[in-house]
2 protein chains.
Amino acid sequence: MYHSEKMLREKGIKVTPQRAAILDVLRDTREHPGVEVIYQRVKKQFPSISLATVYKTVELFVRSNLIQELCLTGDVSRYDARVESHPHVACMNCGKVEDIDNFDMEYIIEPAEQATGYKILKEEIMYFGYCGDCKGVMDN
Amino acid sequence: MYHSEKMLREKGIKVTPQRAAILDVLRDTREHPGVEVIYQRVKKQFPSISLATVYKTVELFVRSNLIQELCLTGDVSRYDARVESHPHVACMNCGKVEDIDNFDMEYIIEPAEQATGYKILKEEIMYFGYCGDCKGVMDN
DNA sequence: ATATAACTGAAAAACATTATTAATTAGTTT
DNA sequence: AAACTAATTAATAATGTTTTTCAGTTATAT
Ligand SMILES: [Mn+2]
Ligand SMILES: [Mn+2]
Ligand SMILES: [Zn+2]
Ligand SMILES: [Zn+2]
């Protein structure tokens, strides 16, 4: 696309079609996909892209703060083009990860720094449970 | 130990020396160790224990709510014998994970359920940054 | 246009986790 | 207390995930 290329340039990252396509995928979805899903989508446009390129690229993007990495117990890392702190909810059955919108959350990085002595860069708030589709169908 | 065996029995889990030792390790530390560290410690007492046993046991303990699993971007899962929700801070350099004590946190599972329609079981709050030892020594 | 440093794709390697299985063990029943 | 049985263990293999390596290609600066 067009705006993704501009974002890469602004971060001083060399622009390649693969990188722009990966950033496009992440900017076009609210699904918080993992590397395999990103790979499958970019493949439609670049059939010869390698999974290793996807791994290397998301790592670069995380380092550059173009995307953020979310981690889930017992699943692969998921990626999000919204880089500001915002709460998520993950379904422990189907693996869906969603933003929680219209939800008042206090972000309290400074008090956490004072309580811990750490230099804190990021706050991650993740709720785990069962989504509307899965909570009825829970075996056991 | 003694109390760990009782905890296993109360959960209806068959008591074995390996299981009691693994629970002891987790109840005796505030380090939030991963499987490899747990394995090395239990090995002192049971030199023939297998890493696969540690994997299976922590999975069983998480399912039974004897321990909780914490996940960190770019690291293995870590385990915690304190099962109630409490905030953590992780050092992105040395991998240390600490509890944040004396820290007022509002736990808001019900509002999150209302905002999402999920049945929520667990809330995880993780701060990422650099610990006192590491924040001075950050290269680049 | 040319140069060059960085990037890609492919494959191998490293690392993490799960599955399999024969022998052992915990907890129960005689 | 001995026997029984189902579950657990240790070892290994299998699987899955992520990183490394490297030869060839490409993006950017000159
Ligand atoms: Mn998000
Ligand atoms: Mn803790
Ligand atoms: Zn679901
Ligand atoms: Zn540190």
Side-chain angles (χ1 to χ4, degrees), chain A residues 1-2 4-25 33-64 66-67 69-79 95, chain B residues 2 4-25 33-64 66-67 69-79 95 140:
Chain A
M1 226 177 250
Y2 165 75
S4 289
E5 291 192 15
K6 192 174 147 204
M7 290 175 74
L8 293 171
R9 247 180 274 279
E10 277 166 7
K11 292 283 181 180
I13 293 172
K14 193 187 269 195
V15 176
T16 70
Q18 291 90 339
R19 286 175 174 177
I22 290 168
L23 190 51
D24 282 347
V25 165
V35 277
E36 185 63 37
V37 170
I38 299 169
Y39 174 59
Q40 293 304 334
R41 293 199 187 154
V42 175
K43 233 177 161 172
K44 291 174 191 161
Q45 218 186 327
F46 296 95
S48 73
I49 194 172
S50 162
L51 186 55
T53 298
V54 178
Y55 272 102
K56 280 182 279 203
T57 303
V58 295
E59 195 216 329
L60 171 69
F61 287 0
V62 170
R63 267 200 327 257
S64 311
L66 277 170
I67 65 176
E69 183 174 4
L70 306 176
C71 68
L72 306 172
T73 48
D75 193 4
V76 298
S77 286
R78 311 280 287 259
Y79 299 91
Chain B
Y2 165 75
S4 290
E5 291 193 16
K6 193 174 147 203
M7 291 175 74
L8 293 171
R9 248 180 275 276
E10 279 167 6
K11 293 281 182 181
I13 293 172
K14 195 185 268 196
V15 176
T16 69
Q18 292 89 339
R19 286 174 175 176
I22 289 167
L23 190 51
D24 283 346
V25 165
V35 277
E36 185 63 37
V37 170
I38 298 169
Y39 174 59
Q40 294 303 334
R41 293 200 187 154
V42 175
K43 232 176 163 173
K44 290 174 190 160
Q45 219 184 326
F46 296 95
S48 72
I49 196 172
S50 162
L51 185 56
T53 298
V54 179
Y55 272 103
K56 278 183 283 204
T57 304
V58 296
E59 195 216 330
L60 170 69
F61 287 179
V62 170
R63 267 200 326 260
S64 311
L66 278 169
I67 65 176
E69 184 174 2
L70 307 176
C71 68
L72 307 172
T73 48
D75 192 4
V76 298
S77 285
R78 311 281 286 259
Y79 298 92
N140 166 277

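Every chain is numbered from 1, with letters handed out A, B, ... down the list of sequences. These figures come from a predicted structure and were not determined experimentally.
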Judged by nearest nucleotide, the residue sitting upstream toward the 5' end of DNA chain C, B:Ala52 or B:Arg9, is B:Ala52
Separation of C:dT17 atom P from A:Asp75 atom CG, nearest Å, is 13 Å
Assert: residue with more 5' nearest nucleotide on DNA chain D, out of B:Ile13 and A:Ser77, is B:Ile13
Taken to the nearest whole Å, NZ/A:Lys56 to C1'/C:dA6 is 11 Å
N or O in side chain of B:Thr53 less than 4.0 angstrom from D:dT9 OP1/OP2:
no
Of the candidates D:dT9, C:dT17, C:dT8, the side chain of B:Val76 sits closest to C:dT17
Requested in this report: Could you please spell out the steps behind the side-chain contact (heavy atoms from CB on, under 4.5 Å) verdict for A:Arg63 and A:Glu59?
Outcome: CA-CA 6 Å; A:Arg63 267 200 327 257; A:Glu59 195 216 329; 3.1 Å; yes
Side chain to side chain contact (heavy atoms under 4.5 Å, CB included) with A:Leu66: of A:Thr57, A:Ile13, A:Val58, A:Ile22, only one passes, and it is A:Ile13
With the side chain defined as heavy atoms from C-beta on, A:Thr16 is closest, among D:dA27, D:dT9, C:dG9, to D:dA27
To the nearest angstrom, the CZ-P distance between A:Phe46 and D:dT26 comes to 12 Å
- Task: Please report the C-alpha distance between A:Glu36 and A:Val54 in whole Å, then the side-chain angles of each, then the deciding distance to 0.1 Å, and finally whether the side-chain contact (heavy atoms from CB on, under 4.5 Å) criterion is met.
- Result: CA-CA 8 Å; A:Glu36 185 63 37; A:Val54 178; over 6 Å; no
Per atom distances to the B:Tyr55 side chain, the nearest of C:dT17, D:dA10, C:dA26 is C:dT17
Contacts of B:Phe46 meeting side-chain contact (heavy atoms from CB on, under 4.5 Å) (sequence neighbours excluded), chain-then-number -> B:Pro17, B:Ala21, B:Val42, B:Ile49
B:Glu59 CD to C:dT17 P, in whole Å, measures 12 Å
B:Pro17 has its side chain closest, among C:dA26, D:dT17, D:dA27, to C:dA26
From CG of A:Leu23 across to C1' of C:dC7 the rounded distance in Å is 17 Å
Taken to the nearest whole Å, CZ/A:Arg19 to C1'/C:dG9 is 14 Å
- Message: One pair to check against side-chain contact (heavy atoms from CB on, under 4.5 Å): A:Tyr39 and A:Thr53. What are the steps and the verdict?
- Response: CA-CA 9 Å; A:Tyr39 174 59; A:Thr53 298; over 6 Å; no
Looking only at side-chain N and O atoms, does A:Gln18 come under 4.0 Å of OP1 or OP2 in C:dG9?
yes
With the side chain defined as heavy atoms from C-beta on, B:Leu51 is closest, among D:dT20, C:dT17, D:dT9, to C:dT17
Rounded to whole Å, CD1 of A:Ile22 lies from P of C:dG9 at a distance of 9 Å
Exercise. Would you say C:dT8 has OP1 or OP2 under 4.0 Å from some side-chain N or O of A:Ser50?
Worked result: no
Separation of D:dT26 atom P from A:Lys14 atom NZ, nearest Å, is 12 Å
